[in-house]
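Working notes, beginning with the structure itself.
Numbering of ligands and ligand atoms starts at 1, following listing order. Just so it is clear, the structure is predicted and the values come from calculations on it, not from any experiment.
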Amino acid sequence: MKILKSPKEAHEYRKTLNGSVGFVPTMGALHEGHLTLIKRAKSENENVIVSIFVNPTQFLPGEDLDKYPRRLEADFEICKRAGVDAVFTPNAENMYSEDEILIKAPKIKGYILEGFFRPGHFDGVLQVVNKLFNIIKPTRAYFGKKDAQQLYLINQMVKNFFFDIKIVPVDTVREKDGLALSSRNVYLSPEERKRALSISKALKRAAKLSTVTDNIDEIKKEMMNILDVDKLQYIAFVDRNFNYINKIKHGDTIILIAAYIGTTRLIDNIWI
Ligand code: PAF
């Protein structure tokens, strides 16, 4: 497995590849969710490249950039065992320069929900994914549905910037008890982890309830009864294009939650 440390090395390596390239962009601390993306990429492409880069521009001041889990050696091992061909691990110095041309997330859908509570977050995500796409030039790129708004915006960027890349959405991977896998779960104490479960439980209950009512207020009320979080940021109902909806429409609804358990901010969603 090749370790590529700079955009230049990655560019050179890319030129040697024949056939399709599946790309899995990550910030490392790889878990079963990432592994599912990698396996899917392996099954659909001749080559698989994973990037590991804790991108500073998508963290707001005061967020967890410094304490974000970094486990590069363990991540390399996971990638090697999964049959990844190359891991791209640049650093901020070789990815960014001073006074850069910037990319702005769309004014509305980049600034609602996650973008409202983390203003500028998606500018940073789109900036780095744009760079990664230009460096790796993948045939297909794999993203988890857990970051549903990110997935939507990346699809929009691909359309708006005419990237010739297929974005492949992959279902959220959960622990047996329902907790969505996230690199940030390591921050949770055992007591917090128990309460974090109320998020996936509320979503599951909402999905079940939506089979008997399309009334969002009713569903939301029931979700609030289940949630045992310290600070709820939002419960939202949107269609697959991230327009707010006021009635459930099966096949075109995403229900999303963002909440703090202690000092850990968690997001989760369910597509119905
Ligand atoms: O979803 C993530 O891990 C990150 O936002 C991404 C897409 C790797 C960009 O840094």
Query raised in the report: Which residue holds the protein heavy atom closest to atom 7 (C) of ligand 1, what is that atom called, and what is the gap in Å?
Result: Gln150 NE2, 3.6 Å
Query raised in the report: Taking only heavy atoms of Val128, which atoms of ligand 1 are found under 4.0 Å from at least one of them?
Result: 9 (C), 10 (O)
Requested in this report: Considering only non-hydrogen protein atoms, determine which one is nearest to atom 4 (C) of ligand 1 and report residue, atom name and distance to 0.1 Å.
Outcome: Gln58 NE2, 3.7 Å
Query raised in the report: Roughly how far, to the nearest 0.5 Å, is the NZ atom of Lys137 from the CG atom of Asp164?
Result: 12.5 Å
Report task. Give the residue and atom name of whichever protein heavy atom lies nearest to atom 3 (O) of ligand 1, and the separation in Å to one decimal. Result -> Met27 CG, 3.6 Å
Requested in this report: For the pair Phe133 and Phe163, name the ring-plane relationship: parallel under 30°, tilted 30 to 60°, perpendicular over 60°.
Outcome: perpendicular
Query raised in the report: If you measure every N/O of Thr26 against every N/O of ligand 1, is any gap under 3.5 Å?
Result: no
Report summary line: Distance col, row Ile135:CD1 vs Leu4:CG, nearest 0.5 angstrom, shows 10.5 Å
Query raised in the report: About how many Å separate CD1 of Ile226 and CD1 of Ile199, when rounded to the nearest 0.5 Å?
Result: 12.5 Å
Report summary line: CG of Asn94 to OG of Ser6, rounded to nearest 0.5 Å, is 5.5 Å
